[in-house]
Q: 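This is the structure, below, for whatever I ask next.
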Amino acid sequence: MRTFAKQPRPAWMTAVAAEGPLTGKEQARAVFDSLDKPKLRLIAVAEQRGLCAFCMGRIRADGDGASAIRLAHRVPISTDPTLALTWTNLVASCSSPHSCDERQGSHCLTVDPVLPATTVDQLRYERRAGKEGLWLVSDDPVLANDLEKLGLNDGDLPRLREEAWKAFQVRARARHPKGNAEGRKKLLAAETKDMPLRPYFGVLQAKA
Ligand SMILES: [Zn+2]
């Protein structure tokens with residue numbers, strides 16, 4: 001997971017929010033579902049530079065079927081309907097193959113990738129004896145539970161993070177032959193400007 005900044009809420013969404021209070025989960029869901037979702041996806045994917053808010057896998061606003069992205073509420077509508085149209089509560093999530101949004105389900109997340117945030121600072125990547133991969137962990141039990149719910153150490157994710165980190169080191173050595181921390185920082189600064197960002201970019205930010 002990596003932090004990112006949200007732009008101001010789109011004015012047309014604010015106009016919808018001004019039409020009346022969100023009074024219950026069914027009404028809030030109906031209002032949310034009435035929004036122009038393709039437009040919201042475009043904005044959210046751009047804010048997140050093409051990465052799922054949770055697993056940092058590649059997402060594309062124009063994906064369809066299995067590759068369609070989801071708009072996820074960090075605090076679900078079922079938990080707090082008044083946050084259904086709150087822009088900082090809304091992030092773009094992958095739908096396949098991992099599907100962070102489906103895994104989140106109705107779980108209310110404490111971990112928050114949106115800046116300003118302090119929760120992502122309490123996550124770290126670690127290796128496990130005899131295994132290939134980088135596991136995302138936290139000493140805070142509430143945050144660790146969020147990672148568990150989102151399945152962020154399931155399937156190929158630890159291995160994919162390790163591969164992203166190794167590939168970054170290869171690129172850093174090719175560009176800055178000393179292969180030292182300074183070279184990695186320079187490459188990281190250059191790649192931070194990429195649009196979209198490379199998948200699992202938060203791993204590189206945490207380790208470079
Ligand atoms: Zn994801």
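Predicted model, so just to flag it, every value in this text is computed and none were measured. Counting starts at 1 for both ligands and their atoms, following the listed order.
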Q: Is the NZ atom of K37 crowded by more than 12 outside heavy atoms at less than 6.0 Å?
A: yes
Q: Which residue pairs pass the side-chain hydrogen bond (donor to acceptor under 3.5 Å, both in side chains) test with at least one member in residues 199-208, sequence neighbours excluded?
A: R2-Q205
Q: Ring pair (Phe, Tyr, Trp, His ring centres under 6.0 Å): which pairs involve residues 167-187, sequence neighbours left out?
A: W165-F168
Q: Below 2.8 Å, which protein N, O or S atoms neighbour the Zn ion (ligand 1), ignoring water?
A: C52 SG, C55 SG, C94 SG, C100 SG
Q: Sort and list the pairs that fulfil ring pair (Phe, Tyr, Trp, His ring centres under 6.0 Å) and have at least one residue in residues 15-40, not counting sequence neighbours.
A: F32-H73
Q: For residues E191 and L197, determine if any side-chain heavy atom of one lies less than 4.5 Å from a side-chain heavy atom of the other.
A: no
Q: Give a yes or no on whether the backbone of V75 and the side-chain of N89 come within a donor-acceptor separation of less than 3.5 Å.
A: yes
